[in-house]
Student: 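One structure follows; several queries about it will come next.
In what follows, every chain begins at residue 1, and chains take the letters A, B, ... in the order their sequences are listed. Nothing here was measured: the structure is a model prediction, and the numbers come from that model.
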2 protein chains.
Amino acid sequence: MVAAETRERVSLVAAEMGFRLNATARALTTGHTGLVGVIVPTLANPFFPPIVTGVQQPLTEAGGNVLLGVSDHSADRERELVHQLGPRVDGLILVAPVSPDVALRSFAERLPVVTVDRTAPGLPGVLVDTPGGVTKLMDHLLGLGHRRIAYLGGPPGSWMDRQRRKAALTAVADGGGELIVLDPVPPRFDAGLATAEHLVRQETPITAVMVYSSYVLLGLFMGLGSAGLRVPEDISLAASDDLTVIGMTQPGSTALHVPLQEAGSEACRLVREAPAAGSRPPRVRIATRLVVRDSTAAPPSGSTRTPPLTSRAPSHTPSRARKN
Amino acid sequence: MVAAETRERVSLVAAEMGFRLNATARALTTGHTGLVGVIVPTLANPFFPPIVTGVQQPLTEAGGNVLLGVSDHSADRERELVHQLGPRVDGLILVAPVSPDVALRSFAERLPVVTVDRTAPGLPGVLVDTPGGVTKLMDHLLGLGHRRIAYLGGPPGSWMDRQRRKAALTAVADGGGELIVLDPVPPRFDAGLATAEHLVRQETPITAVMVYSSYVLLGLFMGLGSAGLRVPEDISLAASDDLTVIGMTQPGSTALHVPLQEAGSEACRLVREAPAAGSRPPRVRIATRLVVRDSTAAPPSGSTRTPPLTSRAPSHTPSRARKN
DNA sequence: TTGAAAGCGCTAACAT
DNA sequence: ATGTTAGCGCTTTCAA
């Protein structure tokens with residue numbers, strides 16, 4: 001009943017007074033909150049923060065926000081968080097969840113759920129194709145002439161680890177090599193350090209190691225170095241991820257570039273589009289890119305090919321004898 | 001009016017059916033949501049995730065959750081996020097905010113706000129006492145005999161940087177040394193690499209460098225190494241934080257242990273206790289601990305004291321001449 | 001086209 | 001000590 005001019009004045013004053021729509025009240029009526037729950041195993045592993053950032057970005061642009069949960073790699077904690085976050089979010093993004101498939105499905109009965117870095121039957125998922133990358137990595141190693149290649153996987157018991165190991169086994173078998181599967185380790189520097197000691201005690205020399213975590217690779221790098229083994233002259237090293245820390249080795253490490261932030265954005269898109277669990281859930285595959293740096297080279301003499309010993313990296317120290 | 005037994009049966013069945021209180025509706029009546037907003041500059045810097053985890057932990061135990069915001073170091077973005085998160089949270093934790101004091105105060109008019117790693121007049125805050133740690137670090141360096149000490153600060157323009165620099169200047173002046181303040185750099189590996197080149201070109205040799213970020217230190221480490229300078233024989237290095245990555249240098253790096261997660265928990269406690277902005281806002285100081293490792297030693301000869309050259313770390317390579 | 005009213009699911013202040 | 005009711009701030013439906 002008011003004049004248009006008055007109307008304008010009112011809204012202007014309202015804006016000046018800092019009036020904003022009450023999100024809570026709106027959520028109560030509309031039924032959706034504008035929030036998306038993101039549950040990660042941990043923030044300590046630098047693999048996960050970029051994913052969170054990836055979902056955050058498109059979401060805040062749409063006026064939404066991220067409700068964060070850290071499961072600490074525990075299935076119990078994960079379930080608890082789902083129940084806690086579930087009612088107050090429009091959808092849930094589970095990053096590398098540890099719960100069994102059935103649990104995941106039951107979560108999805110209540111609200112849209114999408115997994116990242118893991119698939120579950122019936123659920124939409126974003127899959128970072130590290131297994132595909134591992135194949136590239138193994139082909140690279142085989143192409144350089146490596147035949148005895150160690151695979152240092154983990155985290156122990158993880159779904160993704162099984163996928164990667166499977167890819168590695170297939171690739172190496174196809175290439176006529178032998179894959180030595182080491183016990184999985186947690187993604188920490190010291191795990192690499194410990195494995196280095198184990199490696200130098202091998203009877204038959206291993207000429208290349210593929211490792212699933214940059215942190216472990218860094219430990220390996222240092223451990224092998226102090227044992228007198230040079231990278232890449234004596235042994236080649238490659239990682240199936242490429243975190244910032246990886247830029248820190250000298251020489252630089254061959255690794256898989258993983259577009260983590262993109263994975264997060266895709267998950268965000270899926271969870272907002274998803275009309276709950278459909279019959280044929282959408283799957284997005286995020287390809288990785290092999291980045292060849294200087295931690296991989298042809299194996300040393302005594303192996304399948306002749307080593308080019310000096311061409312790839314500076315060698316300050318005299319070559320030392322292998323331990324075995 | 002129902003029998004107690006019936007009542008029990010009802011609630012049991014309700015629980016079985018997965019009925020839970022609707023958090024949104026409750027929030028509408030009570031006025032508080034159980035959510036705490038945490039705004040960090042970025043998740044890419046490993047300094048911040050532990051803080052988020054620190055607030056997350058006590059909060060989820062109390063049935064609450066973290067609403068995350070990433071400001072990307074932008075004051076505009078920060079303000080936007082505050083307005084976006086503000087209405088849906090019980091309180092806001094601003095980690096290393098970049099907004100001016102006045103803006104921070106205005107945020108606090110609407111809801112409890114606590115800052116972390118920065119203080120603002122009138123606002124409660126958790127302060128990680130890196131300035132105090134920097135003093136310890138400088139005293140350590142001075143005690144070893146260093147007199148020309150470089151300070152490599154950053155991030156450019158940051159509040160915390162000014163505090164640390166001030167502490168460094170005072171400590172070194174008191175100890176009769178000279179602090180060479182280098183231009184602040186962003187917290188990245190390559191910044192350290194670049195600074196290393198700069199350092200080896202100094203006319204008067206600098207015998208120790210204090211750097212604000214582990215990442216920068218790592219770059220410095222590598223850059224100095226390839227320039228032929230040994231750590232700690234030729235030059236000492238120390239960092240004013242102690243991220244996981246720091247365990248990755250060989251020799252290990254002297255640094256400040258910073259209880260980041262504790263800082264997060266304290267902030268969480270403050271924000272939940274705070275009855276909005278009080279007249280004398282509580283301040284919590286989180287002390288750091290100096291961790292002396294092997295990247296610091298007495299300066300080489302030509303400086304104030306005689307260097308013990310070999311005692312602290314293995315030296316594989318022959319000593320090389322300084323560039324200057 | 002514009003304004004009034006019902007109700008989302010809960011809590012808190014009431015009346016019994 | 002119990003049960004009833006008003007209303008949180010919005011959206012949506014319906015009447016004017």
Side-chain angles (χ1 to χ4, degrees), chain A residues 1-37 59-67 80-92 107 109-112 271-276, chain B residues 1-37 59-67 80-92 107 109-112 271-276:
Chain A
M1 227 210 77
V2 296
E5 171 193 338
T6 311
R7 188 187 182 77
E8 252 176 55
R9 264 240 315 272
V10 168
S11 40
L12 191 72
V13 170
E16 266 173 14
M17 288 175 61
F19 178 86
R20 285 151 222 271
L21 257 52
N22 180 323
T24 312
R26 161 183 257 138
L28 186 57
T29 41
T30 60
H32 54 89
T33 60
L35 302 181
V36 168
L59 196 57
T60 50
E61 272 162 29
N65 275 112
V66 167
L67 244 178
E80 228 172 87
L81 280 168
V82 169
H83 289 328
Q84 222 171 78
L85 303 190
R88 39 178 36 150
V89 298
D90 296 339
L92 227 32
F107 297 162
E109 282 165 14
R110 307 199 145 277
L111 79 170
V271 85
R272 299 177 66 193
E273 286 175 1
Chain B
M1 226 213 80
V2 295
E5 173 191 338
T6 312
R7 187 187 182 77
E8 252 178 53
R9 265 239 315 272
V10 168
S11 40
L12 190 72
V13 170
E16 266 173 13
M17 287 175 61
F19 179 85
R20 285 152 223 273
L21 256 53
N22 181 321
T24 311
R26 159 183 260 139
L28 185 57
T29 43
T30 61
H32 54 90
T33 60
L35 302 181
V36 168
L59 195 59
T60 50
E61 271 162 31
N65 276 111
V66 167
L67 243 178
E80 228 172 87
L81 280 168
V82 169
H83 290 327
Q84 221 170 77
L85 303 190
R88 37 178 38 149
V89 298
D90 296 340
L92 227 32
F107 297 162
E109 281 165 15
R110 309 197 144 279
L111 79 171
V271 85
R272 298 176 66 193
E273 285 175 4

Student: Using whole Å, what does the distance between atom C1' of nucleotide D/dG9 and atom CZ of B/R88 come to?
Tutor: 14 Å
Student: Could I get the full list of side chain to side chain contact (heavy atoms under 4.5 Å, CB included) partners for B/T29, not counting sequence neighbours?
Tutor: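 With sequence neighbours excluded, B/T29 shows a side chain to side chain contact (heavy atoms under 4.5 Å, CB included) to no residue whatsoever.
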Student: Report the distance from atom CG of A/L28 to atom P of C/dC10, rounded to the nearest whole Å.
Tutor: 9 Å
Student: In dot-bracket, 5' to 3', how would DNA chain C read with Watson-Crick or G-U wobble pairs under 3.5 Å, [ ] for crossing ones and | for pairs to another strand?
Tutor: ||||||||||||||.|
Student: Could you give the side-chain donor-acceptor pairs of residues 60-67 of chain A under 3.5 Å, partners two or more places apart or in another chain?
Tutor:
from	atom 1	to	atom 2	distance (Å)
A/T60	OG1	A/Q56	O	3.1
A/T60	OG1	A/Q57	O	3.1
A/T60	OG1	B/R77	NH2	3.1

Student: Report yes if some heavy atom in the side chain of A/R272 is under 4.5 Å from a heavy atom in the side chain of A/L59; otherwise report no.
Tutor: yes
Student: Measure from the side-chain heavy atoms of A/L21 and tell me the nearest of C/dA12, C/dC10, D/dC10.
Tutor: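 It is D/dC10.
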Student: As a test of reading the structure: which of D/dT12, C/dG9, D/dG9 is closest to the side chain of B/A25, going by heavy atoms?
Tutor: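 The closest nucleotide is C/dG9.
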Student: How close do B/A27 and A/T24 get, heavy atom to heavy atom, and via which atoms?
Tutor: CB-CG2, 3.6 Å
Student: Whole angstroms only, please: what is the CZ-C1' distance between B/R26 and D/dC10?
Tutor: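 Rounded to the whole Å, the gap is 20 Å.
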Student: Would you give the length of the straight line joining atom NE2 of B/H83 to atom CZ of B/R110, rounded to the nearest 0.5 angstrom?
Tutor: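 The NE2 atom of B/H83 sits 8.0 Å away from the CZ atom of B/R110.
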Student: Output the rounded distance in Å from NE2 (A/H32) to C1' (D/dT11).
Tutor: 10 Å
Student: With A/L35, which of A/D90, A/L85, A/V89 fulfils side chain to side chain contact (heavy atoms under 4.5 Å, CB included)?
Tutor: A/V89
